[in-house]
Number of protein chains: 2
Amino acid sequence: MELQETLRAKGYRLTPQRQLVLDAVTDLGHATPDEACAWVKERSSAVNISTIYRTLELLEELGLVKHAHLSHGAPTYHAAAAPEHVHLICRVCGAITEVPPSTVAPLVDELDRNHGFVADVGHLTVFGVCAKCHQS
Amino acid sequence: MELQETLRAKGYRLTPQRQLVLDAVTDLGHATPDEACAWVKERSSAVNISTIYRTLELLEELGLVKHAHLSHGAPTYHAAAAPEHVHLICRVCGAITEVPPSTVAPLVDELDRNHGFVADVGHLTVFGVCAKCHQS
DNA sequence: GTTAATGCAAAAACTTTGCAAACCT
DNA sequence: AGGTTTGCAAAGTTTTTGCATTAAC
């Protein structure tokens with residue numbers, strides 16, 4: 001689905017800024033508002049930081065991006081078009097690994113059956129220690 | 001283990017403020033720095049918000065509290081002494097449910113076996129829609 | 001008496017808001 | 001043309017830092 005169609009379906013307009021912000025998030029994989037802003041600045045004229053915030057909020061409303069609070073402070077956005085994935089974050093080295101949702105399918109089933117809770121897998125983040133750091 | 005012993009083992013001192021902050025987190029179950037500050041203010045003389053921040057950081061270093069990024073922005077702390085639990089957060093009504101770690105044991109095993117990733121269950125948060133909100 | 005910890009105030013980081021000018025359709 | 005979106009600047013939040021004073025040991 002084109003960005004323009006999605007926007008116009010709700011009376012919004014396609015602007016270069018909106019396309020750029022979506023491109024930034026898609027290309028970066030994970031991006032804070034600041035990082036997205038920097039990405040845009042590198043390859044086009046700068047987009048104001050407040051526009052970045054407004055655009056990310058809009059894109060999230062449209063379901064094109066999602067956000068999670070991965071690190072300390074800033075929220076991290078990623079494109080919803082990307083295949084859903086679970087984040088593994090190493091607390092020692094900070095590395096972010098992605099694993100397929102099938103990994104957590106049993107958990108999702110369990111929560112649904114026993115708690116009536118429908119988990120949003122695309123938003124799931126597991127903190128811990130990665131293989132590399134666990135050796136030391 | 002007493003708070004005082006734990007502190008002194010590392011050359012730190014026990015102060016009323018530190019005891020109060022730990023009490024706040026323990027009693028509240030989940031608390032943002034601001035909420036902990038309010039709790040203290042209600043039953044004792046006020047503790048400066050910067051002291052709250054410094055104390056939470058210290059208590060976390062000592063392993064007495066842990067934090068997660070549950071909501072938008074503010075980190076949420078909980079006592080490490082409390083039994084470990086997984087947080088289920090409903091994106092519709094905001095309700096926080098706690099479930100025992102056994103629920104996610106299969107997932108934890110899987111991540112360890114296939115990715116060498118040792119998950120920190122006490123820090124695990126699952127976003128989704130709770131039973132109540134899912135009906136509508 | 002030493003050294004660590006607190007409170008205060010100022011700064012830093014992050015996010016939101018109002019409004020005139022510019023742009024999309 | 002008409003309504004939406006942007007950039008700018010200012011204000012709001014949340015968190016951190018420096019330093020003199022106070023308190024723990």
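Just so we're on the same page: letters track the sequence lines, and every chain starts at 1.
Residue Asp34(A) contributes atom CG, which lies 9 Å from atom C1' of dA13(C) at whole-angstrom precision. Distance, Leu3(B) CG to dC25(D) P: 10 Å, rounded to whole Å. Note: OH (Tyr77(A)) to C1' (dT15(C)) measures 10 Å, nearest angstrom. Between Tyr12(B) atom OH and dA5(C) atom P the separation is 7 Å, expressed in whole Å. Atoms CG (Leu22(B)) and P (dA5(C)) sit 16 Å apart, rounded to a whole Å. For Ile52(B) and dT6(C), the CD1 to C1' distance is 12 Å, given to the nearest whole Å. The CG-P distance, from Leu20(B) to dT6(C), rounds to 11 Å in whole Å. Across the protein-nucleic acid pair, Arg8(B) atom CZ and dT3(C) atom P stand 16 Å apart, rounded to whole Å.
Using a 4.0 Å heavy-atom criterion, one finds that Ile49(A) contacts no nucleic acid atom at all.
Contact annotation: Gln17(B) side-chain N/O to dA23(D) OP1/OP2 distance is not under 4.0 Å. The phosphate of dC23(C) has neither OP1 nor OP2 within less than 4.0 Å of any side-chain N or O from Arg13(A). Look at Thr15(A) and you'll find a side-chain N or O under 4.0 angstrom from OP1 or OP2 of dT6(D). Distances shown here put every side-chain N or O of Asn48(A) at or beyond 4.0 Å from the OP1 or OP2 atom of dT6(D). Considering only side-chain N and O atoms, Thr51(A) lies nowhere under 4.0 angstrom from the phosphate OP1 or OP2 of dT6(D).
Arg13(B) places none of its side-chain heavy atoms less than 4.5 Å from the side chain of Gln4(B). Counting heavy atoms from C-beta outward, Leu7(A) and Leu58(A) have side chains that approach closer than 4.5 Å.
Closest to the side chain of Arg18(A), out of dC14(C), dT5(D), dT6(C), is dT5(D). Relative to the side chain of Leu14(A), the nucleotides dT16(D), dT15(C), dT25(C) differ in distance, and dT25(C) lies closest.
Between Leu58(A) and Ser50(B), the residue anchored nearer the 5' end of DNA chain D, judged by the nucleotide with its closest heavy atom, is Leu58(A). Map Glu57(A) and Gln4(A) each onto its nearest nucleotide of DNA chain C; the residue landing nearer the 5' end is Glu57(A).
Look at Lys66(B) and Asp120(B) and you find a salt bridge, because one of the NZ, NE, NH1 or NH2 atoms lies within 4.0 Å of a carboxylate O, short of that distance.
For the side-chain hydrogen bond (donor to acceptor under 3.5 Å, both in side chains) with His30(B), the qualifying choice from Glu35(B), His78(B), Glu98(B) is Glu98(B), the only one to do so.
Closest of all the heavy-atom pairs between Pro101(A) and Val86(A) is CA-CG2, 4.4 Å.
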